[in-house]
Amino acid sequence: MAIPKVTPIQAELDSTKSGGKHRPDRHGRKHRHKGRHGSKNGHANKRRKHKKRRHHRRRPPKHLLPSTPPAAPAPPAASSPSPPAGGSLPPGVYAGTFGIPQATRLLTRAGFGPTPGQAAAVASMGMVAAVQSLSRPSGPANLIGPPPTDDEGEPLAPADIWGHDHLWWLDRMVRSDQPLVERMALVFHDWFATSEGGVSKAQQMIDQSNLFRNYCFGSFLDLFKAVTVDPAMLQWLNGDENVKGAPNENYAREMMELFSLGADRGAYTEDDIREQARSLTGWTYEWSSQLGSHNFHFDPRRHDTGLKTVFGKTGNWGWEDACRLCVENPLHPSYFVEKLWSYFVGAPPAPETREQLASTYVGSGLQIRPVLEEILTSAAFYEGPPMVKPPVVQVASMLRATGRYIDTSAWVWLGDESGQQLFWPPNVAGWDDTRWLDTSRMRARWNLVDYVLDGTSVDAWNDPYSTTETAEEALALALGAWGNPELRPEHLAELLDFAHRSEARITANWQKGPYRALRFNALLQLIGISPDLVLQ
């Protein structure tokens, strides 16, 4: 598949001014402090939990009523992958059926899950066209649906009210018609992990997320340069404190270890880090109580103009040279493709796959999009093992499936409990995705499902409910509320058995309606917390 050279897309700048990764080791002890200037303007440094407000529907919406009871999942519609114009699919590309299950995986891993009916529509496009519909968006993103609000129905203030930045980004995940742009922004938010705890104001983190949107398909070198002098990163890894005569090594170390080369691979030495830190000297900013940190700029007087030797190359290197030297290191391409791969495929790439991806990456001039498209059309992507959805991805996918939008601030503390509050990664190494499903996080996932269903589940004791609904009808209704997701046959069978067993407990006339309502609520919850919806 011929991939044209691309330039970074222009991100939408709205009214706010829009697998296997490195595990936290020594980085887990770093950067847990608050910003050096204390609390942010308008941001409370505490989490407020509030009682959930229930808005029960008196009965399930008519469009969710089943027409026929489910027996077994229908086989996916057959659809052949679309070969690129003028030839057959290159080696390693997925050549199997591209049906609803494959389209669902694509929409979930390269976005935030399908809306009802979307997977079938995408499957009909064929694999290559489906991938390119995500990876080659045109123009600014459109946010489709009602704008986000807090619990009182008020508009969000992401730069001023604590937690509203999380809601602002979650809303984009739910409503944007460019989901892969948002997913790649999330990838790079983890890759170049920066926390609001180390900056002076939330707007700087929002601006950084827009930087990721702007560069997510273009040159990695351009992205690397932009991140290096981004105000949030300059504060987070002390680039603003890096001055000639007293170099600060924080960013120099992480730009090699976490961002471009990887640790324990022989790519660099401690001397390289020290010399690189000298190359990065010179950046500073101004501070005021009204504006916080602002006017980030390069001051030549703070820069070390002496010769530096990095990776065996000597010169009067500056900050741009520091980025270039990293990506020119022979061990960078393999690190880049393996790290990007780890966000989309649950098992490491085969050696020949890694070499092919690295060749594509270098041959394209270090462009991100060609590598990403090869990953999203690879056999390993569709045939490999499932992956656990990051918490924010699960929330966004559930909201999209149920047709719900951002209307509560609860997603902030629920995100924290489930292990992922946006703009607050635990450390410079990002989130540890091996802990998404530990015992405490699984309880939080149950709560996420419960809150998503607020407004869909029914009030069993105060609202009338069918006294004759069968087990099959109850399951069909619950699946419809979730947008009729593809569940494995054994899971459908277990849910249907549960529905039959629940009905057997109805022994009195007064139980016929309420107990069936409770059964419907239970089926909703069990579907939402099932492996089919938690995994991607």
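Start at 1 with the first residue, then count along the sequence.
In this structure, H294 and W287 have side chains that are not in contact, with every pair of non-hydrogen atoms separated by 4.5 Å or more. In this structure, L156 and T149 have side chains that are not in contact, with every pair of non-hydrogen atoms separated by 4.5 Å or more. At a threshold of 4.5 Å between non-hydrogen side-chain atoms, the residues D450 and D454 do not count as touching. Counting heavy atoms from C-beta outward, W411 and L167 have side chains that approach closer than 4.5 Å. In this structure, the side chains of D165 and E196 come closer than 4.5 Å at one or more pairs of heavy atoms. Side-chain contact between T194 and M233 is present, with at least one heavy-atom pair separated by less than 4.5 Å. Residues L186 and M173 form a side-chain contact, since some pair of their non-hydrogen atoms from C-beta on lies under 4.5 Å apart. Two residues are said to be in side-chain contact when any heavy atoms from C-beta on lie closer than 4.5 Å; L533 and Q394 fail this criterion.
Among residues at least two apart or in separate chains, side-chain hydrogen bond (donor to acceptor under 3.5 Å, both in side chains) pairs with a member in residues 523-536 are R183-Q536, H491-D532. Evaluation of the salt bridge (charged side-chain N to carboxylate O under 4.0 Å, His left out) test over residues 434-444, restricted to residues two or more places apart or in two chains, returns R435-D438.
Taking the six-membered ring for Trp and thresholds of 30 and 60 degrees, W413 and Y451 have ring planes more than 60 degrees apart, a perpendicular arrangement. Taking the six-membered ring where the residue is Trp, Y343 and W191 present parallel rings, their angle staying beneath 30° rather than reaching 60°. Taking the six-membered ring for Trp and thresholds of 30 and 60 degrees, H189 and F212 have ring planes inclined between 30 and 60 degrees apart.
Take R400 and apply the salt bridge (Lys or Arg N to Asp or Glu O under 4.0 Å) test, not counting sequence neighbours, and it matches no residue. Scanning for salt bridge (Lys or Arg N to Asp or Glu O under 4.0 Å) contacts around R105 gives an empty result, with sequence neighbours left out. Listed by chain and number, the residues in a salt bridge (Lys or Arg N to Asp or Glu O under 4.0 Å) with R516 are E503 (sequence neighbours excluded). With sequence neighbours left out, the ring pair (Phe, Tyr, Trp, His ring centres under 6.0 Å) criterion links F381 to no other residue.
Across F98 and Q102, no two heavy atoms sit closer than the pair CD1-CB, 3.7 Å. When every heavy atom of R172 is checked against every heavy atom of L143, the shortest pair comes out as NH1-CD1, 4.2 Å.
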After noting the C-alpha distance and the side-chain angles of W436 and R445, does the key distance pass the side chain to side chain contact (heavy atoms under 4.5 Å, CB included) rule?
CA-CA 9 Å; W436 286 145; R445 297 250 181 175; 3.5 Å; yes
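Side-chain atoms of T408 and D151 form a donor-acceptor pair, as typed in the model, at a separation below 3.5 Å.
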